[in-house]
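Within every chain, numbering begins at 1; the chains are lettered A, B, ... in the order of the sequence lines, protein sequences first and strands thereafter.
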Amino acid sequence: MQVYLDNSSTTQPFPEVIEAVEECFRENYGNPSSLHRKGLEAEKIIKNSRRRIAETLGAADNELIFTSGGSEANNLALFGVINKYQRGNYLVTSQIEHPSVLHAFKRMEQQGYKVTYLPVDGTGKVNLDELQTCLNSHPALVSIMMANNEIGTIQPLEAIRAIIDAQKNKPLFHVDAVQAFGKLLFNVKKLNIDLLTISGHKFHGPKGIGALYLRKGIQLEPLIYGGGQETGHRSGTENVPGIAGMGVAAAQIMRNLNSNIHKLRQLKKHLTEFITRSIENIRVNSLDTEDFAPHILSVSFPGIKAEVLLHALEQDGIYVSTGAACSSRKQSPSHVLTAIGLNKDEIEGTIRCSFSIQNTEPEINYVSERLVHHVRELRRII
Amino acid sequence: MNRIYLDNAATTPLDPKVLEAMLPYLTEQFGNPSSIHSFGRETRKAIEDARAVVAKEIGADAPNEIIFTGSGSESDNMAIKGVAMAYRDRGNHIITSAIEHHAVFDAAHALEKEGFRVTYLPVNAAGLVSVAELANQITDQTILVSVMHANNEVGTIQPIAEIGRILRERKILFHTDAVQTMGSIPVNVRDLSADLLSMAAHKFYGPKGVGALYVRKGVKLAQLIHGGAQERNRRAGTENIAGIAGLAKALQLANAGLAENQPRITGLRDYLIGRVLDGFDHVRLNGHRTQRLPGNANFSFEFIEGESLLLNLDLKGIAASSGSACTSGSLEPSHVLLAMGICHEIAHGSLRLTIGKSNTKEEIDYLLTVLPEIVTKLRDMSPLYNSSRKECATCTLKR
C-alpha cells in the first residue's frame, strides 16, 4: 500500500485540473495580451478563473493577482506594500510564519525597518497582549498566517482584526492563507483582510501558480516590472494553463468544503487517537480542536530521530515529513517547534502527517499500525 | 476558414513532445522537490536533470549556473535588480539600450528611483546600438550593462558577442535578454561572453509560467523572492517541476531543429518582406534588413492604424500583432519605433508578423492575398491618405 501523507508540502492535482491544464496546452496557447482571437481566448480563460477563485474568497474579480506561487505572492504583498507606501518603518509579524514571510522581513530589517516577531504560546497562538502593545507603536503592516504549515495552529484572526480595527491609524493587514485555503471556511471581507496569499499546488492545483488577494484601493510596488500584466502589479506573460488549473482546483475544493473538512478531521482524529492510545511519552503538537487545521498532525516522539522514522515508514510506502518541506533539507531545528517551546529531543523526534481528501480510512489504519510498530522498534534499539 | 498564427514572437504553441515530457509531473510524480522522501527525490532529480540539459544547451560551464524562474520578465528583473543591489558598493551606473523589453526597461527605471544612474543607449534607424557609443559611456562607476540579444518588436539582432568581449575585458557584468533568440538562432553564453542571460520557455514551444536565468559562476545576485532554500537560495518557492521539465525539453527540441528551421523560416520571412515591399506603396520595413530574427517581419503601413490592420487580419483568420503583445493593449506608440526615429503616426501603423516552425508558404501566400484588400479598404477610409499621399516629413527613416 502507498499512502501519501505529506499534503502540506504539496498535493496531487485533481484529474479535472490536469484535464483543464492539458486542454490549455493543446488549444489555448495564445498570449492573453494579444488582440487577436487566440489572445482573447486565453484572456477569457484567465478572467473565468479569476472570477472563480475570487468568489471562493469572497472577493471581487479585480481584487486578485496571479503570481508564480505562494512565496512570490507573500513577497509581493510585503515588499509591495512597504515600498509603495513608505509610511513608518515599523512592522509586525509572528515567530512561526512561513520562511517566505520571515525571510522577507529579515531582508527588510537589513534595509533599516524595525520588525517585531510576536511570540506564540505552547499551541502556537500569537500573544494578543503583545500584539496590542506593538500596535501602540503604529506599525505600517501586520502579517499573520491563518494556519501554520508545521503544526496547523489556526490564528484567532477575528480577535486580531478587532484589535487592529480599534486603532486610529490602522496598519495594513496581510494574511498568508496558503495552508488554510480549501481547509477552512473564511471570507476576506468578513475578516476585513487587506492582502491574502494562496498557492495552487496546496489544494490539488498545479505547481508554479499562486494568487494574492489585494483589497480594492490598495496599491503595490511590483517585484517584477515589465509588460504591465495583472493591472501592473505583476508583469510577465500569464501562466494560462496554471491559472486555468488553479481555478478548477479552487472551485472543486470549495464545492464540498464542509464535508471535506469533516473527512479530514476524522482522519486526523483517528490517527491521533490510535497513536496516543498505543505509544507513551509522546507530544501531540496539533490538537483535535477547532483551533487547529483539520489536515495537519504534528507529533513528537522524544528519543527517536524523525528522519529515521520517516525512512522506516517510507519502506512501508508511507510518506510523511519531518517539518515543512522547504526547510526539511536544512539542518537547523524548526523555528516553529522552537517557538512553541519544544525541547531538543522533542524537536528531533517530530514528524508531520498531513492529510488530503484523497486519503482513506483503510490507509490511516495501515499508517497507524506501521507507525506504532516502528516507534516501538526504534525505541527498543535505543 | 483558415486559421493562421503569425504571432510567434508573442508566444508559441506548445510542442506535443514537450507536453509529453511534462505530463508525468502533473500526474503521478507530484512530490515537492524539497521533501526528503522518494516523491521528493524523484522530482528533485527531474529538476537537476533539466538544469543540466539547459546548461549544456547554452554552453554554460556548470548546471548550477542556471536558475529557474516564473517567466522571462522575472529573469530580467532578477538580473537587473539582483546585480544592481549586490554590487551597489562598487558603483551606481548601469547601461542599457532604449529599445529593451519593458521587463528590463522598467526595472532600470525603478533603479533610477533608488539612486542609480542609468544610461539608455540610442539606436540607429535599423535598431542597432553602437558598440563604440557603448564603450564611450562606461565609467568607473559602471557595474552592469544589459543589451537584448534581439528585439521583440523589430527583430534586430545586436552585436552581443562584440559587446560581451569589450565588457569582459573591462570587467563589467553583462546581461543579455535572449528571450526572443533562444531556440530561433544559436545562443551560447561563452560565444556571447554573457554573465547573465534570460530566457522564457513559451517563446520556444515550451510552457508558459517558466523561465530561466543563466548566472555565470561567481556573479553575486540579490534575491527577488525570499523564503525557502530552493534554487540554491537564489529564488524561493516550490518549483514548477512540470514547467521546468517542459522548458528543458523544449530547448533541446528547438536547438535540435535549428539546422532545418532557421533557414526555412528565414526564407519565408524574406519572401514575405520582398512581396510586401514590392506590392504596396507607402510601406516600410522596420528593423535591420538582414541582421534580424529569422521569423520577424515588421512593417509600417502609412495612413493606417496598426490595430485596425490586425483586427481586420484576425477577421480573416490571421493572428498578428501591432507591436509587442504585452503593450499591444496600450495606446502608447512603441518606444522601440520611436527610438529608431520613426514618428508617432507611422509608429502607430506598424504590423508585426512573426513566423514560427509550423507556418507554411501557403499560409504566407494566403496572407499576401488578403492583405492588399484590407490595406486598400483602410486607406480609403483615411482622410490623410486621400489628401496628402506624401511621405512623412518628420521621419528619419525613409524607405
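- B:Ser71 touches chain A through its side chain: at least one heavy atom from C-beta onward sits under 4.5 Å away, while N, CA, C and O do not.
- Neither the backbone nor the side chain of B:Gln223 comes within less than 4.5 Å of any heavy atom of chain A.
- A:Thr11 touches chain B through its backbone: at least one of N, CA, C or O sits under 4.5 Å from a heavy atom, while the side chain does not.
- A salt bridge does not link A:Glu43 with A:Lys47: none of the charged nitrogens is closer than 4.0 Å to a carboxylate oxygen.
- Remark: the A:Asn74 side chain and the A:His174 side chain contain an N/O donor-acceptor pair separated by less than 3.5 Å.
- Between the side chains of A:Asn7 and A:His295, not a single donor N or O lies within less than 3.5 Å of an accepting N or O.
- Proximity of B:Ser146 to B:Asp177: side-chain heavy atoms (C-beta onward) are nowhere separated by under 4.5 Å.
- Between chain A and the residues B:Ala320, B:Gly70, B:Ala222, the most heavy-atom pairs under 4.5 angstrom are made by B:Ala320.
- Chain A forms more heavy-atom pairs under 4.5 Å with one residue of B:Lys81, B:Arg235, B:Glu239 than with any other, namely B:Lys81.
- Contacts between B:Leu26 and chain A at a heavy-atom distance below 4.5 Å involve backbone atoms as well as side-chain atoms.
- A heavy-atom distance below 4.5 Å is found between the side chains of B:Ile67 and B:Leu221.
- In terms of non-hydrogen atom pairs under 4.5 Å with chain B, the most contact-rich of A:Gly69, A:Gly210, A:Pro13 is A:Pro13.
- If you measure heavy-atom distances from B:Leu224 to chain A, the contacts under 4.5 Å come from both the backbone and the side chain.
- Among A:Ser68, A:Gly39, A:Ser199, A:Ala42, the residue making the largest number of heavy-atom pairs under 4.5 Å with chain B is A:Ser68.
- The part of B:Leu23 that comes within reach of chain A is its side chain, from C-beta onward, which places non-hydrogen atoms under 4.5 angstrom from that chain.
- Proximity to chain B (any heavy atom under 4.5 Å) is shown, for A:Asn239, by both the backbone and the side chain.
- Within the 4.5 angstrom heavy-atom criterion, no atom of B:His109 approaches chain A.
- The parts of B:Ala319 that come within reach of chain A are both its backbone and its side chain, each placing non-hydrogen atoms under 4.5 angstrom from that chain.
- Contact annotation for A:Glu72: both backbone and side-chain heavy atoms come within less than 4.5 Å of a heavy atom of chain B.
- Of the listed residues (B:Gly40, B:Ala236, B:Gly72, B:Pro13), the greatest number of heavy-atom pairs within a distance under 4.5 Å of chain A belongs to B:Pro13.
- For the side-chain contact (heavy atoms from CB on, under 4.5 Å) test with A:Cys353, the passing option among A:Asn359, A:Leu5, A:Ile318, A:Ile296 is A:Leu5; the others fail.
- Only the side chain of A:Gln2 comes within less than 4.5 Å of a heavy atom in chain B; its backbone stays farther off.
- Listed by first and then second residue, the salt bridge (charged side-chain N to carboxylate O under 4.0 Å, His left out) pairs involving residues 8-21 of chain B are B:Asp15-B:Lys357 (not counting sequence neighbours).
- To the nearest 0.5 Å, atoms CZ (A:Phe203) and CE (A:Met246) are separated by 4.0 Å.
- Interface remark: B:Ala200 contributes no atoms to any contact with chain A (heavy atom separation under 4.5 Å).
- Taking the six-membered ring for Trp and thresholds of 30 and 60 degrees, B:Phe30 and B:Phe39 have ring planes inclined between 30 and 60 degrees apart.
- For A:Pro15, no part sits under 4.5 Å from any heavy atom of chain B, backbone or side chain.
- Defined by atom type and a distance below 3.5 Å, a donor-acceptor pair is missing between the side-chain atoms of A:Asn149 and A:Gln179.
- Ring orientation note: the planes of A:Tyr319 and A:Tyr4 are tilted relative to one another, at an angle of 30° to 60°.
- When heavy atoms are compared at a cutoff of 4.5 Å, A:Phe79 approaches chain B solely by way of its side chain, counted from C-beta outward.
- Residue contact with chain B, scored on non-hydrogen atoms closer than 4.5 Å, involves the side chain of A:Val21 exclusively.
- Contact of B:Met22 with chain A is made through the side chain alone, with heavy-atom distances under 4.5 Å.
- With no hydrogens or angles considered, a side-chain donor-acceptor pair links A:Asp6 and B:His37 at under 3.5 Å.
- Contacts of B:Tyr5 with chain A are made by side-chain atoms alone, with heavy-atom separations under 4.5 Å and no backbone atom involved.
- If you check the side chains of B:Asn32 and A:Ser9, you find no donor sitting under 3.5 Å from an acceptor.
- Heavy-atom pairs under 4.5 Å with chain A peak, among B:Leu14, B:Ile241, B:Ile225, at B:Ile225.
- Under the side-chain contact (heavy atoms from CB on, under 4.5 Å) test applied with B:Asn359, the options B:Thr354, B:Leu6, B:Leu353 reduce to a single match, B:Leu6.
- Contact of A:Leu223 with chain B is made through backbone and side chain together, with heavy-atom distances under 4.5 Å.
- Using a 4.5 Å cut-off between heavy atoms, A:Glu221 contacts chain B through its side chain alone, with no backbone atom that close.
- The choice from B:His226, B:Glu28, B:His202, B:Glu100 that makes the most heavy-atom pairs within less than 4.5 Å of chain A is B:His226.
- Only the backbone of B:Thr12 comes within contact range of chain A, with heavy atoms under 4.5 Å apart.
- Rounding to the nearest 0.5 Å gives a distance of 7.5 Å between CD of A:Gln111 and CE of B:Met85.
- Both the backbone and the side chain of B:Asp106 come within contact range of chain A, judged by heavy atoms closer than 4.5 Å.
- Geometrically, A:Lys106 engages A:Tyr117 in a cation-pi contact, judged by NZ or CZ lying under 6.0 Å from the ring centre and within 45° of the ring axis.
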